[in-house]
J.: 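One structure, as structure tokens, below. Some questions next.
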Amino acid sequence: NAPSSSTTAPTSAASKSASAACSSVRAPTSKILIITLISILSIYISKAEKTYPRTAIILQENSGKTPLDSAITDPAALAISRTVVDALAETFETATTTLQGIGKYSRVVNLTDNNCTRAKLLAELITQSKQGYDIDLFIYGHGGNDLICLKGDNLLGGESGNLRKLLVDARNQENNQSFKFKLRLVYSCTCIGSSLNDDWLAIGATTAVGSRFLNYMAEPMITFFLNDFLNNGKTVFDAASSSFNGAKTIWSVFPWWQQT
């Protein structure tokens, strides 16, 4: 139910991002909660409907940055704030994607935090494609023009960027120049994610969704999109449009947020 062309999510003054910078100061944090959650949910996923040979890949490095960081002057307090926000945000997005995907995906691959690297993304794109699974890739985190921030690395768009080189690398690793990714959908909540739409399409994605400008409304837009696309039978275009409008309505009650 995905259109065959690039889909760009709408935006507004309310849809902005705090920063496209990829670096952050973070204190060490345990991911036990996320690991436990995924383990429990995996049991339900394994029992879910198996008629769809489909995989959801979550590519996520939140970093804990918020628009309010500038108001925190103490470095230690800022590090704690980013650690807490990072863990909570990543746990929430992993849970909501996994739960809404029950019955729609046979597998959920969680490339969050330390696993959010280009090498691991490439490995999963190859593995899932070779095993015959259609892939929906959900990207949660930060980015900018022709840029997605990963853990200690970036994905770069453009003709010579390392995003398009994913397919080149896959074909070289497989020693098969006709190898293709079974990439059905790329949904990105990063800032200016639409700047990479053509790159995702170039490596085989059926459709790609991204914000035209900066994105302050990642939530509840992500949750609305997942529900409409996975559970309400909407096309990618309609789900992206309705989720934007729904998020815009909610954030409109905070006019100060739209002006930051």
J.: Let me confirm one number: the CG-CD1 distance from Leu167 to Ile203, rounded to the nearest 0.5 Å.
T.: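 If I round to the nearest 0.5 Å, the distance is 6.5 Å.
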J.: Atom OG of Ser243 and atom CG of Leu226: how far apart are they, to the nearest 0.5 Å?
T.: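 CG of Leu226 is found 9.0 Å from OG of Ser243.
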J.: Could you state the interatomic distance from OG1 (Thr55) to CD1 (Ile57), rounded to the nearest 0.5 Å?
T.: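 The CD1 atom of Ile57 is 6.5 Å from OG1 of Thr55, to the nearest 0.5 Å.
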J.: I'd like to know if Asp169 pairs up with Arg118 as an ion pair, taking the criterion as any Lys NZ or Arg NE/NH1/NH2 lying under 4.0 Å from an Asp or Glu carboxylate oxygen.
T.: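 So Asp169 pairs with Arg118 through a salt bridge.
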J.: Flag the pair Phe229 / Leu185 as yes when at least one side-chain heavy-atom distance between them is below 4.5 Å, and no otherwise.
T.: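 SC-SC contact between Phe229 and Leu185 confirmed.
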J.: Less than 4.5 Å apart, any side-chain heavy atom of Ser129 and any of Ile135?
T.: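 Heavy-atom side-chain distance check passes, below 4.5 Å.
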J.: OG1 of Thr96 to CD1 of Ile222: how many Å apart, nearest 0.5 Å?
T.: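 Interatomic distance, Thr96 OG1 to Ile222 CD1, rounded to 0.5 Å: 8.5 Å.
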J.: Salt bridge between Asp134 and Lys182, side-chain N to carboxylate O under 4.0 Å?
T.: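 Yes.
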J.: Classify the side-chain pair Thr94/Glu90 by whether it contains a donor and acceptor separated by less than 3.5 Å.
T.: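 The criterion, which ignores hydrogens and geometry beyond distance, is not satisfied for Glu90 and Thr94.
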J.: Does Asp146 have any salt bridge (charged side-chain N to carboxylate O under 4.0 Å, His left out) partners at least two apart in sequence or in another chain, and if so, which?
T.: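 Counting only residues at least two positions away or on another chain, Asp146 forms no salt bridge (charged side-chain N to carboxylate O under 4.0 Å, His left out).
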J.: Sequence neighbours excluded, which residues qualify as salt bridge (charged side-chain N to carboxylate O under 4.0 Å, His left out) partners of Lys120?
T.: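 Lys120 satisfies salt bridge (charged side-chain N to carboxylate O under 4.0 Å, His left out) with no residue once adjacent residues are dropped.
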J.: So which heavy atom on Gly157 is nearest to which on Asp199, and how close?
T.: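 In terms of heavy atoms, the two residues are closest at CA-OD2, 3.4 Å.
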J.: If you look at every heavy atom in Gly141 and Cys189, which pair is closest and at what distance?
T.: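 Heavy-atom minimum between the residues: N-SG, 3.6 Å.
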J.: Would you say Thr98's side chain and Ala95's backbone share a donor-acceptor pair under 3.5 angstrom?
T.: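 Pair absent, no side-chain N/O of Thr98 close to backbone of Ala95.
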J.: Determine, stepwise, if the pair Thr223 / Phe92 fulfils side chain to side chain contact (heavy atoms under 4.5 Å, CB included).
T.: CA-CA 10 Å; Thr223 300; Phe92 175 82; 4.0 Å; yes
J.: Can you name the closest pair of heavy atoms from Gly143 and Thr190 and give their distance?
T.: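 In this case the closest contact between Gly143 and Thr190 is N-CB, 3.9 Å.
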J.: Tell me whether Asp238 contacts the main-chain N or O of Lys234 through its side chain, where contact means a donor paired with an acceptor under 3.5 Å.
T.: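 No.
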J.: Are Asp228 and Ser242 linked by a side-chain donor-acceptor pair shorter than 3.5 Å?
T.: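 There is such a pair between these side chains.
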J.: Looking at every heavy atom in both Asn176 and Ser178, which two are closest together, and how far apart are they?
T.: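 Between these two residues, the closest heavy atoms are OD1-OG, 2.7 Å.
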J.: Pairs in or reaching into residues 148-186: which pass ring pair (Phe, Tyr, Trp, His ring centres under 6.0 Å), with residues at least two apart or in two chains?
T.: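 For residues 148-186: Phe179-Phe181.
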J.: Return the set of residues passing salt bridge (charged side-chain N to carboxylate O under 4.0 Å, His left out) with Lys130 (not counting sequence neighbours), or none when no residue passes.
T.: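 If we apply the salt bridge (charged side-chain N to carboxylate O under 4.0 Å, His left out) test to Lys130, skipping adjacent residues, the hits are Glu174.
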J.: Checking side chain to side chain contact (heavy atoms under 4.5 Å, CB included) for the pair Arg171/Lys180: CA distance, chi angles, key distance, verdict?
T.: CA-CA 8 Å; Arg171 288 175 171 174; Lys180 295 180 180 180; 4.2 Å; yes
J.: By salt bridge (charged side-chain N to carboxylate O under 4.0 Å, His left out), which residues pair with Arg54, not counting sequence neighbours?
T.: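 For Arg54 there are no salt bridge (charged side-chain N to carboxylate O under 4.0 Å, His left out) partners, ignoring immediate neighbours.
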J.: So for atom CG, which belongs to Asn175, do other residues, nucleotides or ligands contribute more than 12 heavy atoms lying within a distance under 6.0 Å?
T.: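 It does not: Asn175 CG has 12 such atoms or fewer within range.
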J.: Roughly how far, to the nearest 0.5 Å, is the CG atom of Leu59 from the CZ atom of Phe138?
T.: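 Taking CZ in Phe138 and CG in Leu59, the distance rounds to 12.0 Å.
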J.: Does Asn162 use its side chain to pair, donor to acceptor, with the backbone of Leu156 at less than 3.5 Å?
T.: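 At least one qualifying donor-acceptor pair exists.
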J.: Does any N or O in the side chain of Trp251 come within less than 3.5 Å of the main-chain N or O of Glu219, such that one atom is a donor and the other an acceptor?
T.: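 Pair found, side chain donor or acceptor close to backbone of Glu219.
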J.: Taking Ser211's backbone N and O only, do any of them form a donor-acceptor pair with Ser194's side chain (distance below 3.5 Å, no angle check)?
T.: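 Pair found, side chain donor or acceptor close to backbone of Ser211.
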J.: Which atom names give the shortest non-hydrogen contact between Val186 and Ala205, and what distance separates them?
T.: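 Minimum heavy-atom contact is CG2-CB, 4.1 Å.
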J.: If you define the side chain from C-beta out and look only at heavy atoms, does anything of Asn231 sit under 4.5 Å from Gln100?
T.: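 A side-chain contact under 4.5 Å exists here.
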J.: Classify the side-chain pair Tyr140/Asn62 by whether it contains a donor and acceptor separated by less than 3.5 Å.
T.: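 No, no side-chain donor-acceptor contact under 3.5 Å.
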J.: Apply the side-chain contact (heavy atoms from CB on, under 4.5 Å) test between Leu121 and each candidate in Leu150, Leu155, Val109, Ile126; give the one that qualifies.
T.: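 For Leu121, the side-chain contact (heavy atoms from CB on, under 4.5 Å) check succeeds only for Leu155.
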J.: Determine, step by step, whether Thr127 and Gln131 satisfy the side-chain hydrogen bond (donor to acceptor under 3.5 Å, both in side chains) criterion, reporting the C-alpha distance in whole Å, the side-chain angles of both residues, the deciding distance to 0.1 Å, and the verdict.
T.: CA-CA 6 Å; Thr127 297; Gln131 294 179 3; 5.6 Å; no
J.: Cluster partners of Ile250, using ILVMFWY side-chain heavy atoms under 4.5 angstrom, listed by chain and number?
T.: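 Members other than Ile250 - counting any ILVMFWY side chain reachable under 4.5 Å - are Phe224.
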J.: Quick one: does Thr207's side chain get under 4.5 Å of Phe237's, heavy atoms only?
T.: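 Sidechains of Phe237 and Thr207: no contact.
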J.: Indicate, with yes or no, if Val108 and Tyr133 share a hydrophobic cluster defined by side-chain heavy-atom contacts under 4.5 Å among Ile, Leu, Val, Met, Phe, Trp and Tyr.
T.: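 No, separate clusters.
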J.: Are Asn115 and Asn110 side-chain neighbours, meaning at least one heavy-atom pair lies under 4.5 Å?
T.: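 No, too far: nothing below the 4.5 Å cut-off.
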J.: Could you tell me the separation between the CD atom of Gln60 and the OG1 atom of Thr112, rounded to the nearest 0.5 Å?
T.: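 Result: 4.0 Å between the selected atoms.
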J.: Using every non-hydrogen atom in the two residues, find where Cys191 and Asn215 come nearest and quote the distance to one decimal.
T.: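 It is SG-N, 3.5 Å.
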J.: Using the side chain to side chain contact (heavy atoms under 4.5 Å, CB included) rule, take Asp136 and Tyr105 through it: C-alpha gap first, then chi angles, then the decisive distance, then the call.
T.: CA-CA 9 Å; Asp136 288 350; Tyr105 298 109; 2.6 Å; yes
J.: Does any part of the side chain of Leu230, heavy atoms only, come nearer than 4.5 Å to the side chain of Asn227, both counted from C-beta?
T.: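 They are not in side-chain contact.
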J.: Would a 4.5 Å heavy-atom cut-off, applied to side chains only, mark Ile139 and Ile148 as touching?
T.: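 Yes - at least one pair of side-chain heavy atoms lies under 4.5 Å apart.
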J.: Is there a path of hydrophobic side-chain contacts, each under 4.5 Å between heavy atoms of I/L/V/M/F/W/Y residues, joining Leu111 to Trp200?
T.: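 Linked, Trp200 and Leu111 end up in one cluster.
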J.: For a 4.5 angstrom cut-off between non-hydrogen side-chain atoms, does Asn172 reach Gln177?
T.: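 A side-chain contact under 4.5 Å exists here.
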